[in-house]
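I have placed the structure first, in the form of structure tokens, so that the comments after it can refer back to it.
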Amino acid sequence: YEKPLYGVFSKKELVYHIYRAENINGEWTNITQLEVCPKHYSAKHPPVTEDGTRLFFASNMKGTFGKYDIYVADIAADGSVGVSKNLGPKVNTKEDELYPNLYNGTLLFFASEGRDGYGGLDLYATQVVLNTLTPSVNLGDRINSDRDDYAIQLTPEKGLGFVVSNRGQNHTISQYTVAYGRANKNN
């Protein structure tokens, strides 16, 4: 919890940070906070590309389109992080965009509550190629529910996707399995 930048009588607010650590001989060491956003703002949900050159994350820093937006920052060979760049209106809205997740190096999944969807946070995808994005696409009603759908993880070897959602009994957060792939024409 940190005291906000402004407001003498303001209460401390929860601020999230992203850290980097090295696993050396099975022990986590060299733990350092990454400076991806200004002090007093949060940065959370940080996936890194498979090649280790880009960091995606959600932040509420000044300059967002809404509450939390998704950003990307380049990671240098020495591990330092470059300037954070907002992914813009193809991804971000006036509401929250959270839980970025990369699949196959170019497909970015994320949760958004700022678009017409099925209710709460819905899952979307955009293609990330070099420095361009395709328009975001809702993953549809086989994936999304009328509750909050937070994240999806695909396992191509099994043809399954795992969706984290609070659609469970009493709105508990649970994992749901979704089959995907080509239909078998013999059945």
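Asn166 places no side-chain N or O within donor-acceptor distance of the main-chain N or O of Thr172, the cut-off being under 3.5 Å. Although no hydrogens or angles enter the test, the distance criterion places no donor-acceptor pair under 3.5 Å between the side chain of Asn101 and the main chain of Pro47.
Using a 4.5 Å heavy-atom cutoff, the side chains of Phe56 and Leu108 are in contact.
Scanning for ring-ring contact (aromatic ring centres under 6.0 Å, His included) contacts around Tyr150 gives Tyr99, with sequence neighbours left out. Residues that satisfy the side-chain contact (heavy atoms from CB on, under 4.5 Å) test with Ala125, not counting sequence neighbours, are Leu107, Phe109, Leu139. Looking at residues two or more places apart in sequence or on another chain, you find a side-chain contact (heavy atoms from CB on, under 4.5 Å) between Lys158 and Thr155, Leu160. Every residue was checked against the salt bridge (charged side-chain N to carboxylate O under 4.0 Å, His left out) condition with Lys44, not counting sequence neighbours, and none meets it. Listed by chain and residue number, nothing satisfies the salt bridge (charged side-chain N to carboxylate O under 4.0 Å, His left out) test with Asp122 (two or more places apart in sequence, or in another chain). For Thr132, the side-chain contact (heavy atoms from CB on, under 4.5 Å) test picks out Val129, with sequence neighbours left out. Glu95 is linked by a salt bridge (charged side-chain N to carboxylate O under 4.0 Å, His left out) to Lys67, counting only residues two or more places apart in sequence or in another chain. The salt bridge (charged side-chain N to carboxylate O under 4.0 Å, His left out) check on Arg142 picks up nothing, with sequence neighbours excluded.
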- prompt: Does the side chain to side chain contact (heavy atoms under 4.5 Å, CB included) test come out yes or no for Ile173 and Val164, once each step is laid out?
  reply: CA-CA 7 Å; Ile173 295 178; Val164 178; 3.7 Å; yes
message: Would Ser42 and Glu13 count as a side chain to side chain contact (heavy atoms under 4.5 Å, CB included) here? Give the steps.
response: CA-CA 10 Å; Ser42 289; Glu13 297 175 351; over 6 Å; no
- prompt: Could you go step by step and tell me if Tyr124 and Val91 meet the side chain to side chain contact (heavy atoms under 4.5 Å, CB included) rule?
  reply: CA-CA 9 Å; Tyr124 291 80; Val91 171; over 6 Å; no
task: Test side chain to side chain contact (heavy atoms under 4.5 Å, CB included) on Lys90 and Thr126 and set out the steps.
output: CA-CA 8 Å; Lys90 288 184 180 177; Thr126 182; 5.5 Å; no
task: Carefully, step by step, assess Asn104 and Thr106 under the rule side chain to side chain donor-acceptor pair (under 3.5 Å).
output: CA-CA 6 Å; Asn104 207 19; Thr106 62; 5.4 Å; no
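When the side chains of ILVMFWY residues are joined at heavy-atom separations under 4.5 Å, either directly or via intervening members, Leu121 and Ile143 end up in two distinct hydrophobic clusters. Both Val163 and Tyr103 are assigned to one and the same hydrophobic cluster, defined by single-linkage of ILVMFWY side chains at heavy-atom distances under 4.5 Å. In the hydrophobic cluster analysis, where Ile, Leu, Val, Met, Phe, Trp and Tyr join through side-chain heavy atoms closer than 4.5 angstrom, Leu98 is grouped apart from Leu123. No continuous path of ILVMFWY side-chain contacts below 4.5 Å connects Ile70 to Tyr41, so the two sit in separate hydrophobic clusters. Residues Leu102 and Phe110 share a single hydrophobic cluster, defined by chaining ILVMFWY side chains whose heavy atoms lie under 4.5 Å apart.
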What donor-acceptor contacts under 3.5 angstrom involve side-chain atoms of residues 14-21, with partners at least two apart or in another chain?
from: His17; atom 1: ND1; to: Gln33; atom 2: NE2; distance (Å): 2.9
from: His17; atom 1: NE2; to: Glu2; atom 2: OE2; distance (Å): 3.0

Tabulate below the donor-acceptor pairs under 3.5 Å that side-chain atoms of residues 72-84 make, not counting sequence neighbours, or state none.
from: Asp78; atom 1: OD1; to: Ser80; atom 2: N; distance (Å): 2.9
from: Asp78; atom 1: OD1; to: Ser80; atom 2: OG; distance (Å): 2.7
from: Ser84; atom 1: OG; to: Val36; atom 2: O; distance (Å): 2.6

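Here the shortest heavy-atom pairing between Asn144 and Asp149 reads CA-OD2, 3.4 Å. Across every non-hydrogen atom of Ser165 and Ser145, the tightest pair is OG-OG, 3.8 Å. Here the closest non-hydrogen pair linking Cys37 and Ala43 is SG-CB, 3.9 Å.
Here Trp28 sits alone; no ILVMFWY side chain lies under 4.5 Å from its own, so it joins no hydrophobic cluster.
For the side-chain hydrogen bond (donor to acceptor under 3.5 Å, both in side chains) criterion with Asp69, the lone passing option out of Asn86, Thr93, Asn60, Thr64 is Asn86.
For Asn131, the CG atom sits in a loose shell: 12 or fewer heavy atoms of surrounding residues, nucleotides or ligands are nearer than 6.0 Å.
Atom-to-atom distance recorded for Glu97:CD and Ser112:OG is 3.5 Å, nearest 0.5 angstrom.
Screening residues 57-96 for ring pair (Phe, Tyr, Trp, His ring centres under 6.0 Å) gives Phe57-Tyr71 as the qualifying pairs, with residues at least two apart or on separate chains.
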